Amino acid sequence: MSKQRILIKYGGNAMISPQLQQEIAAQIFKLQETGNEVVMVHGGGPFINKALEKAAIKSQFVDGLRVTEAIAFAEIQKALIGEVNADLISTLNQNNIKAVGLSGKDGGMVQAKKYQHQAADGSQVDLGLVGDITHIDDSLINLLCGSGYVPVVACVADGTDGTSYNINADTFAGKLAAAIHADQLIVLTDVDGLFLRFPDPESIIHELDEAAVKEHMGTTIQGGMIPKIQSCVLALNAGVRKAIILNGTKPAQISEYVIENKKIGTTLTL
């Protein structure tokens, strides 16, 4: 198997359970041991919800995207970088992985502008300090991967005017995968993939092309699955070779897919 660069979007329940965190770390170690470069991008939904609740700030979502007021952003940044990222680095390092914690801000790696969201009815919705990535500099990631490190990236970035933005982790992962020329994008969720009739295991959709995505959008694909599927399609269109949705609560799926080529999850194709 030739050396590949794999970007893993880490989120959902696999982040909350210390046991699953350890198992994910063991999988990443396995990927590195077999000669692959690994980059991680993480969200922090449950931790953010808890931090906002503690600060008595209400969580609001529009089409699966978090509305981010300035007061909420301060708490989100603290939770993502100060808690989720820092804890993840500890877990990975404990598992013999040389992990480096970053956000889009480091080295000016990711630049963003305010995201203009269009709702299904065509109206513009103000999501506050939610960013849209305008530019990614891949040099820091290349430097780290080339030296055997695993970059672990939190999804905040600055605008040219210094305004900080929260960026949807799925979108961030898709764009970063494209910018760093990843061979594979693996998006971890809490389910085995996309189902036609959830949770009937017989109805899992193993392969989905762009035309089928359009067909299922808003029906089979809804809520938090929308940005996940969209980020996969975006990555593929930008040259990432493979994009797949796997179950992060079953960490063994990662090496089963990458190393053993098992037919699991939902693979996106063009």
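Hydrogens, waters and symmetry mates play no part in the numbers below; they use all other heavy atoms, side chains included. Since the model is a prediction, treat every value here as computed from it, not as a measurement.
A donor atom on one side chain and an acceptor atom on the other are not found under 3.5 Å apart for Asp138 and His181. Judged purely by distance below 3.5 Å, without hydrogens or angles, the side chains of Gln4 and Gln184 pair a donor atom with an acceptor atom. Under the 3.5 Å distance criterion, with hydrogens and angles disregarded, no donor-acceptor pair is assigned to the side chains of Gln230 and Asp170. Side chains of Gln27 and Glu23: a donor-acceptor N/O pair is absent below 3.5 angstrom, by distance only. Between the side chains of Asp158 and Ser164, at least one donor-acceptor pair of N or O atoms lies under 3.5 Å. Inspection of the Glu207 and Thr267 side chains reveals no N or O donor paired with an N or O acceptor under 3.5 Å. Defined by atom type and a distance below 3.5 Å, a donor-acceptor pair is missing between the side-chain atoms of Lys228 and Thr189. Between the side chains of Thr134 and Gln111, no donor N or O sits under 3.5 Å from an acceptor N or O.
For Thr34 (side chain) and Lys30 (main-chain N/O), a donor-acceptor pair under 3.5 Å exists by modelled atom type.
A salt bridge links Lys78 to Glu75: at least one charged side-chain nitrogen sits closer than 4.0 Å to a carboxylate oxygen. A salt bridge links Asp132 with Lys175; the closest basic N to acidic carboxylate O contact falls under 4.0 Å.
Both cation-pi conditions hold for Lys98 and Tyr149: the charged atom is under 6.0 angstrom from the six-membered ring centre and inside a 45 degree cone around its axis.
Following chains of ILVMFWY side-chain contacts shorter than 4.5 Å, one cannot reach Ile244 starting from Val39, and the two form parts of different hydrophobic clusters.
Using a 4.5 Å cut-off on side-chain heavy atoms (C-beta onward), Leu194 and Thr220 make contact. Annotation: side chain of Leu127 is in contact with side chain of Val62 (closest heavy-atom distance under 4.5 Å). With contacts defined as side-chain heavy-atom distances shorter than 4.5 Å, the pair Gln118/Ser123 does not qualify. Under the 4.5 Å side-chain criterion, counting only non-hydrogen atoms from C-beta, Phe195 is not in contact with Ile205.
Atom-to-atom distance recorded for His117:NE2 and Gln124:CD is 9.0 Å, nearest 0.5 angstrom. Here CD1 of Ile6 is found 11.0 Å from CG of Leu185. Values are rounded to the nearest 0.5 Å.
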